[in-house]
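Read the structure below first, then the notes.
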Number of protein chains: 2
Amino acid sequence: MQTMRIEDEIKQPVFKDEYQKGLINLVYTAGWLQQQQAAAFREFDITLPQFNILRILRGQHPKPATVNLLIERMLDKTSNASRIVDKLEAKSFVTRTVCPSNRRAVDIRITDSGLELLQRMDASVDLHHGLKTLTLEEAQQLNTILDKIRD
Amino acid sequence: MQTMRIEDEIKQPVFKDEYQKGLINLVYTAGWLQQQQAAAFREFDITLPQFNILRILRGQHPKPATVNLLIERMLDKTSNASRIVDKLEAKSFVTRTVCPSNRRAVDIRITDSGLELLQRMDASVDLHHGLKTLTLEEAQQLNTILDKIRD
DNA sequence: TGCAAATATATGTACATACATTTAATGTTG
DNA sequence: CAACATTAAATGTATGTACATATATTTGCA
């Protein structure tokens, strides 16, 4: 398949300049990638934000994480970690206990069932890593440019 | 201010490779840009998807658009245009009338009030075009790489 | 013509986001 | 130590997303 330029994808042939085009292209491509990932997750009955939180908890395991720690590590800082943990708790992939040393905080831990889910997903998700069409040099250029955007 | 690498932003110092890092960086940066835009829109009491639909309608004006046309032109193809039009209609920025030549379809038109809103926003939104930290060459590289990702 | 398939939009439900507010526990300070 | 501020998490409300289904209209064709 040939490269589909962003102009064709959204049927708006004219952009004011390369910057406006880049902005729209970036948001569009990120959404496209997230949809690819969400589709891969569907068979595991889990969403992308839920998966991201599970991975953070696995990184901490066997230490617990608090909601604050999850928010710090999450890609989208403003999202509502508390309610995503609700869903994971309902599926028994995490546990919540009051933190003994600070009773305002909550210790969140991944369960064996959660660890087992991530193991099953590791094999599958790696296949869809999304940027496989790029050369290594292009991937490096991309990272440099993206970091610069957020200056 | 100095460049904040993605490793520092999300406090996960190790990525498997440049591809995994690029994927996370891309999603993170797109979300960051969208939040910047949403903040600029807040004072106008409008959301990003609502703004995007209004711009499409201005592009068609004075011809009407159907829901199908909006979906074709929208960045996120799967989103629910019908309900976003609901919100814009409630604010009197658009009108909905049954299409005379095809009574299944709905003619959606931007109102004078909607056009006036966009005019007020044009000045403000242009200031936050987001990629202004890049050189022209970097913006071009970015567009080339993003198009290639979606191959 | 009549009836099934296709089309255009709307609606239902579950989940997530964005922002403000609430509740409870802990710190601070006069 | 009591009053007030701060912190951690949860909750309320509006919006949007994702996917399935429903409703109405039009098209196609036997």
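Being a predicted model, the structure only gives us computed values, none of them experimental. The figures that follow rest on heavy atoms only: side chains count, while hydrogens, waters and symmetry mates do not.
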Legend entry - Rounded distance (Å) that lies between atom C1' of D:dA14 and atom CG of B:D45: 11 Å

Could you list all N or O pairs between the protein and nucleotides 1-3 of chain C that sit under 3.5 Å apart?
none

Inset, instruction - Starting from P on D:dT15, measure out to CD1 on B:I53 and report it in whole angstrom. - result: 14 Å

Inset, instruction - Over all heavy atoms of both residues, which pair between A:L136 and B:E18 is shortest? Give the atoms and the distance, please. - result: CD1-CB, 3.8 Å

Inset, instruction - Would you kindly compare A:V67 and A:A38 by the position of their nearest DNA chain D nucleotide and give the one closer to the 5′ end? - result: A:V67

Legend entry - Shortest non-hydrogen contact from B:L48 toward B:F41: CD1-CE1, 3.1 Å

Legend entry - Comparing A:A39 and A:N80 on DNA chain D - which has the more 5′ nearest nucleotide: A:N80

Inset, instruction - Calculate the interatomic distance between B:L70 atom CG and D:dT17 atom P; express it in whole Å. - result: 13 Å

Legend entry - Interface residues of residues 81-94 of chain B with DNA chain D (non-hydrogen, below 4.0 angstrom): B:R83, B:I84, B:K87

Legend entry - Carboxylate-amine/guanidinium proximity below 4.0 Å for A:K132 and B:D151: no

Legend entry - B:W32 CH2 to C:dT17 P, straight-line distance once rounded to whole Å: 19 Å

Legend entry - Of B:Q35 and B:T66, the one whose closest DNA chain C nucleotide lies more 5': B:T66

Inset, instruction - Using the side chain to side chain contact (heavy atoms under 4.5 Å, CB included) rule, take B:I110 and B:L118 through it: C-alpha gap first, then chi angles, then the decisive distance, then the call. - result: CA-CA 10 Å; B:I110 189 167; B:L118 286 185; 3.9 Å; yes

Inset, instruction - Measure the distance from CZ on A:R96 to P on D:dA8 and round it to the nearest whole Å. - result: 16 Å

Inset, instruction - Find out whether A:L26 and B:L33 are in side-chain contact, i.e. whether some heavy atom of one side chain is under 4.5 Å from a heavy atom of the other. - result: yes

Between the protein and nucleotides 1-6 of chain D, which nitrogen or oxygen pairs come in under 3.5 angstrom?
none

Legend entry - Cationic N near anionic O, under 4.0 Å, B:R96 to B:D86: yes

Legend entry - Nearest-nucleotide pick for B:R103, side chain only, options being D:dT15, D:dT25, C:dA18: D:dT25

Inset, instruction - Working to the nearest 0.5 Å, report the span between CD of B:Q60 and CG of B:L70. - result: 8.5 Å

Legend entry - Nucleotide D:dT7, atom P - distance to CG of A:L69 in whole Å: 17 Å

Inset, instruction - May I ask you to decide if B:S92's main-chain N or O and B:T111's side chain share a donor-acceptor pair within less than 3.5 Å? - result: yes

Inset, instruction - Return yes if a side-chain donor-acceptor contact under 3.5 Å exists between A:R150 and B:N25, otherwise no. - result: yes

Inset, instruction - Side-chain contact test, heavy atoms from C-beta onward, threshold under 4.5 Å: evaluate it for B:L131 versus B:L142 and give yes or no. - result: yes

Inset, instruction - Would you name the heavy atoms of B:I71 and B:A81 that are closest together and state the gap between them? - result: CG1-CB, 3.8 Å

Inset, instruction - Please tell me which of A:Q50 and A:N102 maps to the more 5' nucleotide of DNA chain C, matching each residue to the nucleotide holding its nearest heavy atom. - result: A:Q50

Legend entry - A:D122 vs A:R58, salt bridge (charged side-chain N to carboxylate O under 4.0 Å, His left out): CA-CA, chis, key distance, verdict: CA-CA 12 Å; A:D122 279 339; A:R58 178 170 63 178; 3.0 Å; yes

Legend entry - Distance, rounded to the nearest Å, where B:Q37 contributes CD and C:dT17 contributes P: 18 Å

Inset, instruction - Measure from CD1 on A:I46 to C1' on C:dA16 and round the result to the nearest Å. - result: 14 Å

